[in-house]
Amino acid sequence: MQELRRKLAFYKMAQVHSELQAASSLHPKIITTINIDEEKEEDCHLDVVYVLPASVFVDPYQLQDLEAKLGKATVFGEHDLELPLEKVKEPRGSIVFLRQKQPSQSFNLELPIHLRYQQPLLERDHQPITIEAPYAGWTCGDYRWPPISSQYPLITPYQDIESSFTRLTHDPAPLTLSVPIGKVQDAQIVTYGTFGTVVLCTLWIARSVSVSIKRRRRSEAKGKRRKSE
């Protein structure tokens with residue numbers, strides 16, 4: 001009970017809190033609530049940071065379209081829209097920064113994310129995915145994103161530029177969702193079913209072509225008889 005009260009008290013004090021919307025779908029959203037109790041410095045920008053595993057990705061073009069609502073997006077790491085998880089080239093996933101130009105004291109962000117298709121498993125039909133709790137902070141100096149490349153090697157570091165990043169307090173509880181996956185035994189059924197369907201379609205096409213050729217020959221033969229008469 002005391003632990004629950006402590007967590008509730010921390011949540012009330014936390015300036016950044018996130019939760020998942022439509023967590024059981026392939027296209028959920030991360031809803032992030034941000035409360036700011038300090039004034040913005042003249043040369044500082046508020047950046048919201050999302051660290052995503054390889055199982056999850058964002059669409060950079062979609063984020064461009066949502067810039068008016070989400071802020072300026074910068075994405076590092078893997079964001080190929082087509083690859084299944086086993087084909088991903090960057091196993092560390094991706095990092096997304098959303099820079100807020102003129103943040104209000106309290107606001108929400110809805111970041112759309114997408115789940116990659118995963119290999120079938122033998123023992124279960126859902127795969128749990130854990131996402132690090134998003135956080136935010138003030139980036140001060142001439143940096144287009146927070147200077148945290150030492151913490152995340154995915155980020156391109158700046159050279160010879162002074163900058164700092166001051167985090168806001170945030171709820172550290174990770175976000176958990178579940179992606180549906182196929183079973184190994186179902187994959188075999190699908191393989192055989194697909195093969196059978198292809199064979200049947202091929203036979204149907206061959207039969208249709210054969211029937212068409214026979215009809216054409218009959219028509220040509222009738223035309224020759226009429227001319228000879």
Is the side chain of E90 donor-acceptor paired with the backbone N or O of R92 at a distance under 3.5 Å, no angle test?
yes
Kindly compute the distance separating CG (L154) from CD1 (I95), expressed to the nearest 0.5 Å.
5.0 Å
Over all atoms of both residues, closest heavy-atom pair of A133 and D171:
CB-O, 3.3 Å
Distance-only donor-acceptor check, side chains S94 and E78, under 3.5 Å
no
Please check if the side chain of Q100 supplies one atom and the backbone of L98 the other of a donor-acceptor pair under 3.5 Å.
yes
Under 30°, 30 to 60°, or over 60°: which ring-plane class applies to H170 and Y135, parallel, tilted or perpendicular?
tilted
Between I34 and A136 the two heavy atoms that sit nearest each other are CD1-CB, 4.4 Å
S163 side chain to P147 main-chain N or O, any donor-acceptor pair under 3.5 Å?
no
Check whether any side-chain heavy atom of F97 lies under 4.5 Å from a side-chain heavy atom of V75, and answer yes or no.
no
Heavy-atom side-chain contact between L177 and I131 under 4.5 Å:
yes
Counting C-beta onward and ignoring hydrogens, is there a side-chain heavy-atom pair between I129 and T176 closer than 4.5 Å?
no
Got V56 and H114 here, is their nearest side-chain heavy-atom distance under 4.5 Å?
no
Do Q62 and P112 touch side chain to side chain, with heavy atoms closer than 4.5 Å?
yes
With E67, which residues qualify under salt bridge (Lys or Arg N to Asp or Glu O under 4.0 Å), at least two apart?
none
Which of W145, Y152, F57 passes ring pair (Phe, Tyr, Trp, His ring centres under 6.0 Å) with F76? Answer is W145
How far apart are the C-alpha atoms of L46 and L168, what are their side-chain angles, what is the distance that settles it, and do they pass the side-chain contact (heavy atoms from CB on, under 4.5 Å) test?
CA-CA 10 Å; L46 182 67; L168 304 178; 4.1 Å; yes
Just how far is it from atom CG of D43 to atom NE2 of H45, taken to the nearest 0.5 Å?
7.5 Å
So CD of Q21 and NZ of K29: to nearest 0.5 Å the spacing works out to 6.0 Å
Run the side-chain contact (heavy atoms from CB on, under 4.5 Å) check on V209 and W204 step by step: do they pass?
CA-CA 9 Å; V209 171; W204 181 83; over 6 Å; no
Do I155 and I148 pass the side-chain contact (heavy atoms from CB on, under 4.5 Å) test, and can you show the C-alpha distance, the side-chain angles, and the key distance before you say yes or no?
CA-CA 8 Å; I155 303 171; I148 52 177; 3.6 Å; yes
Do we see a donor-acceptor contact under 3.5 Å between the side chains of Y50 and T32?
yes
Inspect the surroundings of CZ in R144 and state if more than 12 heavy atoms from other residues, nucleotides or ligands are less than 6.0 Å away.
no
Should L111 and I31 count as side-chain neighbours, where that means a heavy-atom distance under 4.5 Å?
no
W138 side chain reached by D47 side chain, heavy atoms, under 4.5 Å:
no
How long is the straight-line distance from CD of E110 back to OG1 of T33, given to the nearest 0.5 Å?
9.5 Å
Report the C-alpha separation of D59 and I113 in whole Å, then their side-chain angles, then the decisive distance to 0.1 Å, and conclude whether the side-chain contact (heavy atoms from CB on, under 4.5 Å) test is met.
CA-CA 8 Å; D59 181 349; I113 59 177; over 6 Å; no
Side chains of I36 and P103, heavy atoms from C-beta outward: is any pair under 4.5 Å?
yes
Nearest 0.5 Å, please: how far is CG in L175 from CG in L20?
4.5 Å
